[in-house]
Amino acid sequence: MASPLLANLNPEQLAAVTLPHESALILAGAGSGKTRVLTTRIAWLLATGQASPLSILAVTFTNKAAKEMMTRLSLMTPIHTRGMWIGTFHGLCNRLLRTHHREANLPQLFQILDTQDQLALIKRMYKTHNIDEERFPPRQLQHFIAGAKEEGLRPNAVEADDPLSRRQVEHYALYEAMCQREGAVDFAELLLRSYEMLLGHEGLREHYQRRFSHILVDEFQDTNILQYKWLRQLTGTHTAVFAVGDDDQSIYAFRGANVANMQHFERDFSRPEVPVQLVKLEQNYRSHGHILDAANALIKHNLTRLGKNLWTSEAKGEPVRAFAAPSDLDEAAFVVDVVKGLASDGVTLSEVAVLYRSNAQSRVLEHALFNAAVPYRVYGGMRFFERAEIKHALAYLRLLAAPDDDGALLRIVNFPPRGIGARTLESLQDMARATDSALWPAACSGAAGGKAGACLAIFVRMIEAMRAATAGLPLPEAVEHVITASGLLAHYRNEKDGQDRVDNLEELVNAADSFLREADLPVDIPVDVPRADPALSETGGAAPAAAVRDPVSVLTAFLSHAALEAGDTQAAEGRPALQLMTVHSAKGLEFHSVFVTGLEEGLFPHENSLSEHGGVEEERRLMYVALTRARRRLYLTNAQSRMLHGQVRYNVPSRFITELPADLVQWLAPKRHRFGAAIDVDASEWGRSRAPLAPRAGASSPVRAQDGPEWRIGQSVRHTRFGLGIIIDAEGRGADARVQVNFREAGVKWLALEYAKLAAA
DNA sequence: AAATGTGGAATTTTT
DNA sequence: TTCCACATTT
């Protein structure tokens, strides 16, 4: 059909979009129009009448990706995107479990534990069971549980050969029991529960298999074993799974992502006579040629690949530029200078990104940018719904919605402080244990005497007053009431640095308001229930509206929303700002210019990765992701010395620089004048140079000539003829002692300490 | 119950 | 170095 939908697609994209009703694996390279193909595929299925909105399920990893898909889709098709299941794995599982909570053996108003809540629950469990936090660090158990669940394993299925694992499995079982008792579901449990529910309920499974004739998966290389099994459960005999991914961008193995899913896909999703189709998208629409050449050359060093080579019809463009800074401070100064140059060339700051391997590296960069008055934005850190004050407010709301929520009660029973100390809590917990009840009923019983009992009674009265006052109130007003009546607002107003927290609490009211307005897409509200099973009779059109009107459902939906979508790190500010982030968080983004900093052995590739299975290859993929973020300009920097954990470390340049073809890389030499003094510096002032020599790793012990002063690698020195430089290597002792100095002007030289007149600089 | 001190760890992250 | 969690003090 002559649809504008398909206009401007290249042959491979077109092939992918218009594939017949069969499962397919789309190998989509960086910048190859992956999201476009995914959304166009859906629009095409709808436009050609091959699918109705109800028969489409599209799943992503992040809310951002789901939203983008939704937005782009509604621009492409006149058909209402409502009724389509587009969301994150967790969001869709939440929807399934709310709808079929009985089959899943969950209360309808089950609460979702985020990572913090989960850890708190584990600690609480340790207390009640007298488990030693020293011997079994709570975080370790958390990791253990998440790992097991991500492989689809319940405690009885986990293999435990050593005593430690056996204990962990026991703790895992205790944890499960506690979650079940409290109606709490952690992130991995959302997946596992809905997987098991589909597995155990044939009618339900068949219903959804019949319903979803098309399942589309984004970032398939990031799926874990459980997500893969989940997809298989939903795949019936006439379900076509359209999986889009790039094995070269698989950088999340550490959180369970299993690239092997891509290899197994063909085997597991082929049907007799209906093999899985494979389409490669290799044309890149993002980067200039040199950048792409560098990325291709780098990733060729990986041996375990499905095989793919990006190409572009764009010009070769500028060379990749590299700069070896003497120190992390100099590296930051370089970035500042070049960024200023780019800005004066008219590049918007928000189109420039500075990437690093680990968050700790942002500090030095931020410092330099701050002093140079370059506006910047750092990604990562605390998200809105993770902040303590927000969690406190939500805990009050949780307690209103579910009085038996011990976690919520413990969080706020004495916050703001109201005289309920550890002793009071101890007796409260004893009372609860004695009557086998939750903490709230125990507190209500008034059994505690004395001052403790009085304080508890005041707390109980306050919560009950709150519950009465908020009953029937619209969500935003209920939130407003709670933050005031709880004393949270007053508490933070009295705190000297509390203004931000007050602002956040007020923002929570807005968040509730926009949630109400935007949640017309009934994400958490039961909409469709299979007709097949009489126990799950179709609720019809009236039920969702009723569900929406039920304040407890709305509140639960809001709380789920808070857990599943933690919100932004910080509000986007008005003026354009330089983007600072880890390479991981840059995945999926693109910029005019990109700096990849800290390219040093030990940092990138990270030293911890060297001992991990396939660790270096994953680091290399990470570098590949970093390189392919750049459209026009790419700068690679390393520092010969760097302050790390309070100690100066001397690192050799990353192998990832060396692995790039030398003719693609232009090395820049330090500028010929003082750092930071120039105002309007042009990037071109950084001259060419040959590849710098690197200091030998680990050779940092001091050297000295006979009776002379002591010198160290990394030290700045001045020579009467050669000027300023940095000691990058040393050998010999006494009369034979020599140091290698990288001079700013004169290049790298070996000097005998006996004769050279070196002075500290 | 708040305030101050101390020890230990310090990739990467979404849900 | 710096941040955090936890312990001790006041």
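Chain letters run A, B, ... following the sequence lines, proteins first and then strands; every chain starts at 1. The figures that follow rest on heavy atoms only: side chains count, while hydrogens, waters and symmetry mates do not.
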Would you kindly check if the NZ (Lys) or CZ (Arg) of [X] is within the cone defined by 45 degrees around the ring axis of [Y] and under 6.0 Å from the six-membered ring centre?
X         : Y         : result
Arg377(A) : Tyr379(A) : yes
Arg621(A) : Tyr624(A) : no
Arg655(A) : Phe604(A) : no

Expected list for residues 609-620 of chain A near DNA chain B, using heavy atoms below 4.0 Å, is Ser609(A), Glu612(A), Glu619(A)
**Study point:** Any N/O donor-acceptor pair, Ser585(A) side-chain to dT13(B) base, under 3.5 Å
**Key:** no
Please work out if [X] contacts a base, only the sugar-phosphate, or nothing of the nucleic acid, heavy-atom cut-off 4.0 Å.
X         : value
Phe254(A) : base
Tyr252(A) : sugar-phosphate
Lys587(A) : nothing
Leu113(A) : nothing
Asn359(A) : sugar-phosphate
Asn63(A)  : sugar-phosphate

Roughly, in whole Å, what's the span from [atom1] in [X] to [atom2] in [N]?
X         : N       : atom1 : atom2 : value
Leu119(A) : dC4(C)  : CG    : P     : 15 Å
Gln116(A) : dT14(B) : CD    : P     : 14 Å
Leu580(A) : dT12(B) : CG    : P     : 14 Å
Glu607(A) : dA10(B) : CD    : C1'   : 11 Å
Ile122(A) : dA5(C)  : CD1   : P     : 15 Å
Leu644(A) : dT1(C)  : CG    : C1'   : 9 Å
Arg423(A) : dA1(B)  : CZ    : P     : 8 Å
Leu329(A) : dT1(C)  : CG    : C1'   : 13 Å

Does dT13(B) have its OP1 or OP2 closer than 4.0 Å to a side-chain nitrogen or oxygen of Thr582(A)? yes
- Establish, with yes or no, whether the OP1 or OP2 oxygen of dC6(C) is under 4.0 angstrom from a side-chain nitrogen or oxygen of Lys123(A).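 True: Lys123(A) side-chain N/O within range (under 4.0 Å) of dC6(C) OP1/OP2.
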Discussion item. We want to know whether Gln118(A) and Asp186(A) form a side-chain donor-acceptor pair, criterion being a heavy-atom distance below 3.5 angstrom.
Written reply: yes
| query | For His129(A), does the NE2 atom have more than 12 heavy-atom neighbours from other residues, nucleotides or ligands under 6.0 Å away? | reply |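 Yes.
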Item checked: Over 12 non-hydrogen atoms of neighbours within 6.0 angstrom of CZ in Arg418(A) ->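 Yes, because the 6.0 Å sphere around CZ of Arg418(A) holds more than 12 heavy atoms from other groups.
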Considering only NZ, NE, NH1 and NH2 on the basic side and carboxylate oxygens on the acidic side, decide whether Glu68(A) and Lys64(A) come within less than 4.0 Å.
no
Between [options], which nucleotide has the shortest distance from any of its atoms to the side chain of [X]?
X         : options                   : answer
Asn608(A) : dT13(B), dT11(B), dT14(B) : dT11(B)
Arg363(A) : dC6(C), dT15(B), dT2(C)   : dT2(C)
His645(A) : dA10(B), dT15(B), dC6(C)  : dA10(B)

By nearest-nucleotide position on DNA chain B, the 5'-leaning member of His491(A) and Ile251(A) is His491(A)
Exercise for review: Verify the stacking flag for His606(A) against dT11(B): centroid separation must be under 5.5 angstrom and the ring planes must differ by under 30 degrees.
Suggested key: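 According to the criterion (under 5.5 Å, under 30°), yes, His606(A) stacks.
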key: Where the chi angle of dT6(B) falls, syn if within 90° of 0 and anti if not   =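 Anti, since the glycosidic angle lies more than 90° from 0.
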key: Same-atom distance (P) from dA5(C) to dT12(B), integer angstrom   = 16 Å
Could you tell me how far dT13(B) sits from dC4(C) if I compare only their P atoms? Round to whole Å. 16 Å
Answer for the Watson-Crick or wobble partner of dA10(B), both distances under 3.5 Å, is dT1(C)
Could you tell me whether the side chain of Asp218(A) reaches within less than 4.5 Å of the side chain of Phe61(A), counting heavy atoms only?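 A side-chain contact under 4.5 Å is absent here.
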**Request:** Please confirm whether the backbone N or O of Ser358(A) pairs with a side-chain atom of Gln361(A), one donor and one acceptor, at under 3.5 Å?
**Result:**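 At least one qualifying donor-acceptor pair exists.
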